[in-house]
Amino acid sequence: MASSFNSFLFFLAILVSTSYAQNGLVLPIRKDTNTLQYYTSIEMGSNRATVNAVINLGAQFLWFDCDDYTSSTYAPIPCDSKKCEIAKGIGCVGCNMPPRPGCTNNTCGASPYNPFQDVLVSQGFAEDTLYSKDRVEVPQFPFSCMNTRFLEGLASGTNGMLGLARTEISLHKQVANKLNLPDKFSLCLPSSGLGKLYIGGGSSSKSDVTKSLITTPLIINPVSTAPAYTVGDPSDEYFINVQSIRVQGEPLSVKSSYFTIDKDGVGGTKISTINNFTAVHSSIYKPLARAFVKAASDMKIKSVDAVAPFRACFSSSTISTASTGPSVPTIELVLPGNDVSWKIYGANSMFPVNKNVMCLAFVDGGSSPRTSIVIGAYQLEDNLLEFDLVSSQLLFSSSLLLQNKTCSRL
Ligand SMILES: *[C@@H]1O[C@H](CO)[C@@H](O)[C@H](O)[C@H]1NC(C)=O
Ligand SMILES: *[C@@H]1O[C@H](CO)[C@@H](O)[C@H](O)[C@H]1NC(C)=O
Ligand SMILES: *[C@@H]1O[C@H](CO)[C@@H](O)[C@H](O)[C@H]1NC(C)=O
């Protein structure tokens, strides 16, 4: 009797934990309009400290300012441990001050990176419980502390960075492993209001827009693009196979080698939430801007003096408004398959620099960028993106405005 009661309780416990886990985490996304950084909020540790972390698709792990952090469940990850190996920790760090979070001996070395300052800092890995506002908890979640002075460049009100790269210690992978969910996440950056980051299972069935998502393979760049890495490591950022670009249906004339990734990991197209505007190789930027200006002029849109960092700007009063934003030539990133492309409409291609002028929101990435096309955050606004790391595919909606939706109204 007792044993069947116990197994009944055990069964109940499993039911409860799976019904919790099935949901994964749903985190809010806010936009900082001064920097075009997008951040989410999580709670960490026994005192549930709020961390406002800038979302970085290309970063390997979570870091935040621990100066005021206290938590009875904080635990440093020891060097030479299995967990340190999983975190790809380098070396062993110590600290000569009184012990506290971010100051412990024999700790697995971490190198948190602030891309806005381009600095790599020496720290140690630790773990603590991560909570979402909707009460899902992820135990023993790895992260590193960051010194306050290295927060400069982050949007005001934020105190950390959430890495979502393809690593073992990124939030989606940890949720997949610890809550037994598929390794998928969805990102919907808002133009205003609250966007959403779904971790564990993506956004499926959350909205009917998921039925019309377009699928393209995520590809692996064989050479790491991280600021610090071990020779031989592939990149853990998200690359897609853009094969050409069309403006108002016309393909640009660009050497195809810029679109492919060579053996040194140079070239290709990645997706970044840290670049505010899409940056493209000069040899792509020039024909792109030329074709855009020409097609705009065919639509009776008047060019005006450029406003840096942009090079192609227009008089707003000569641009009409459509459901997808300013009515301007459509830019298409052509992907593998039969007529598959990512269409970019006015809401994502035009940036209003003042009330009279809007500019083509693409920037010149110079003549020798590591990656030829870095799709930036402004181009991702109000587009639903699902990163499916089980099948290594990206599913994307293009502009939700086409369906009279936005990321804050999904
Ligand atoms: C875009 O990012 C650059 C570099 O971080 C920054 O200087 C600039 O203010 C940002 N632009 C906007 C409109 O947020
Ligand atoms: C680390 O070890 C050194 C040498 O034993 C000691 O002086 C120091 O207080 C320790 N630091 C911490 C944070 O425990
Ligand atoms: C678009 O959505 C808004 C808000 O949900 C609604 O008020 C409006 O009627 C919709 N417009 C169309 C054309 O369906």
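Each ligand, and each atom within it, is numbered from 1 in the order the structure gives.
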Q.
Check this for me, if you would: do Lys31 and Asp382 make a salt bridge, where the nitrogen-to-carboxylate-oxygen distance has to be below 4.0 angstrom?
A. no
Q | Side-chain donor or acceptor of His281 paired with backbone N/O of Pro369 under 3.5 Å | A | no
Q.
Is atom 8 (C) of ligand 1 touching the protein, meaning some protein heavy atom lies under 4.0 Å away?
A. yes
**Q.** Expected output: side-chain Tyr131 to main-chain Ala49 donor-acceptor under 3.5 Å
**A.** no
Q.
Closer than 4.0 Å to some heavy atom of Phe351 - which atoms of ligand 1 meet that?
A. 13 (C)
(Q) Under 3.5 Å between any N/O of Asn276 and any N/O of ligand 1: does that happen in this structure? (A) yes
Q: Please report which non-hydrogen protein atom sits nearest to atom 1 (C) of ligand 3, along with the residue it belongs to and the distance in Å to one decimal place.
A: Asn404 ND2, 1.4 Å
**Q.** ligand 2 contacted by Cys95 (non-hydrogen, < 4.0 Å)
**A.** yes
Q. Would a search of protein heavy atoms around atom 14 (O) of ligand 2 find one under 4.0 Å away?
A. yes
Q: State the atoms of ligand 1, each with its element, that fall below the 4.0 Å cut-off from a heavy-atom position in Asn34.
A: 14 (O)
Q.
Quick test of your reading of the structure: of Thr107, Thr104, Asn105, whose heavy atom lies closest to atom 6 (C) of ligand 2?
A. Asn105
Q. Are the ring centres of Tyr69 and Phe64 closer than 6.0 Å?
A. yes
Q. Could a heavy atom of Arg100 be found less than 4.0 Å from some atom of ligand 2?
A. no
Q. What protein heavy atom sits nearest atom 5 (O) of ligand 3, and how far off is it?
A. Arg409 NH1, 3.3 Å
Q | Per-residue contact class, Leu36 against ligand 1 - non-hydrogen pairs under 4.0 Å | A | both
Q | Asp264 atom CG: more than 12 heavy-atom contacts under 6.0 Å | A | yes
Q: If the plane angle is over 60° it's perpendicular, under 30° parallel, otherwise tilted; pick one for Phe351 and Phe277.
A: perpendicular
(Q) In the complex you have, is atom 11 (N) of ligand 1 within reach of the protein, judged by whether a heavy-atom distance drops under 4.0 Å? (A) yes
Q: Could you grab the distance from atom OG of Ser341 to atom CD1 of Ile245, nearest 0.5 Å is fine?
A: 11.5 Å
**Q.** Any donor-acceptor N or O pair under 3.5 Å, side chains Asn221, Glu237
**A.** no
